[in-house]
Amino acid sequence: MCIRDRCDVLEAWPLTLKSKDDSEGLKASVALVHAQIDKLIADGVPAERIIVGGFSQGAATATLATYTYNKRLGGCLNLSGWLPDRETFAASAESKSTPLFWGHGKSDNVVSVEMQAAG
């Protein structure tokens with residue numbers, strides 16, 4: 001299933017460690033992702049079989065949604081994304097052991113590779 005982001009990019013490209021995130025928009029996007037995970041679980045899909053992933057802005061949303069969810073999921077896939085709201089981010093106790101694959105190209109001119117190292 002595909003969920004479109006509801007957050008804005010507030011800075012000019014490329015995004016760097018100094019770029020600001022749209023925290024309110026991200027909260028709305030994460031709530032949508034959490035609702036879909038809840039629906040899957042209610043339909044009988046075990047949480048440990050659910051993987052959340054995305055590319056760029058979607059990867060940022062997926063990472064935030066995965067690690068703020070109240071259960072350990074099967075995994076998170078972050079392709080050329082970043083960890084939004086790094087200064088205030090706190091993973092839920094249940095999600096801390098969720099596996100993560102994070103890939104990022106060295107020549108990305110949209111999301112600087114330093115964003116992966118900081119995540």
Task: Heavy-atom donor-acceptor pair, T98 side chain to G75 backbone, under 3.5 Å - done: no

Task: Closest approach of I50 to L73 (non-hydrogen atoms, all atoms of both residues) - done: O-CB, 3.5 Å

Task: hydrophobic_cluster_shared for F89 and L26, side chain cutoff 4.5 Å - done: yes

Task: Residues in side-chain contact (heavy atoms from CB on, under 4.5 Å) contact with D108, at least two apart in sequence or another chain - done: S80, H104, V110, V111

TODO: Starting at CG of N78, measure out to CG of L83 and round the result to the nearest 0.5 Å.
DONE: 8.5 Å

TODO: Determine the minimum heavy-atom distance between W82 and W102, stating which atoms define it.
DONE: CA-CZ2, 3.7 Å

Task: Partners passing side-chain hydrogen bond (donor to acceptor under 3.5 Å, both in side chains) against T88 (at least two apart in sequence or in another chain) - done: none

Open item on the list: Can you list everything that forms a side-chain hydrogen bond (donor to acceptor under 3.5 Å, both in side chains) with S95? Sequence neighbours excluded, please.
Closed with: S92

TODO: Might you point out which heavy atoms bring G81 and A59 nearest each other, and give the distance in Å?
DONE: CA-CB, 3.8 Å

- [ ] Could you tell me whether a side-chain N or O of R72 sits under 3.5 Å from a main-chain N or O of E94, the two making a donor and an acceptor?
- [x] no

Task: Contacts of type salt bridge (Lys or Arg N to Asp or Glu O under 4.0 Å), residue K27, not counting sequence neighbours - done: E24

Task: Partners passing side-chain hydrogen bond (donor to acceptor under 3.5 Å, both in side chains) against D85 (at least two apart in sequence or in another chain) - done: S23

Open item on the list: Would you say that I37 contacts K71 through its side chain, given a criterion of any heavy-atom pair below 4.5 Å between the two side chains?
Closed with: no

Open item on the list: Just to verify, what does F101 make a side-chain contact (heavy atoms from CB on, under 4.5 Å) with, not counting sequence neighbours?
Closed with: L77, L79

TODO: Can you tell me which residue pairs pass the salt bridge (charged side-chain N to carboxylate O under 4.0 Å, His left out) test with a partner in residues 40-51, sequence neighbours excluded?
DONE: K39-D43

Open item on the list: Any heavy-atom pair between the side chains of Y69 and L64 that's under 4.5 Å?
Closed with: no

- [ ] Please name the pair of heavy atoms, one in A62 and one in V52, separated by the smallest distance, quoted to 0.1 Å.
- [x] CB-CG1, 3.6 Å

Task: Path from V33 to L40 over hydrophobic side-chain contacts below 4.5 Å - done: yes

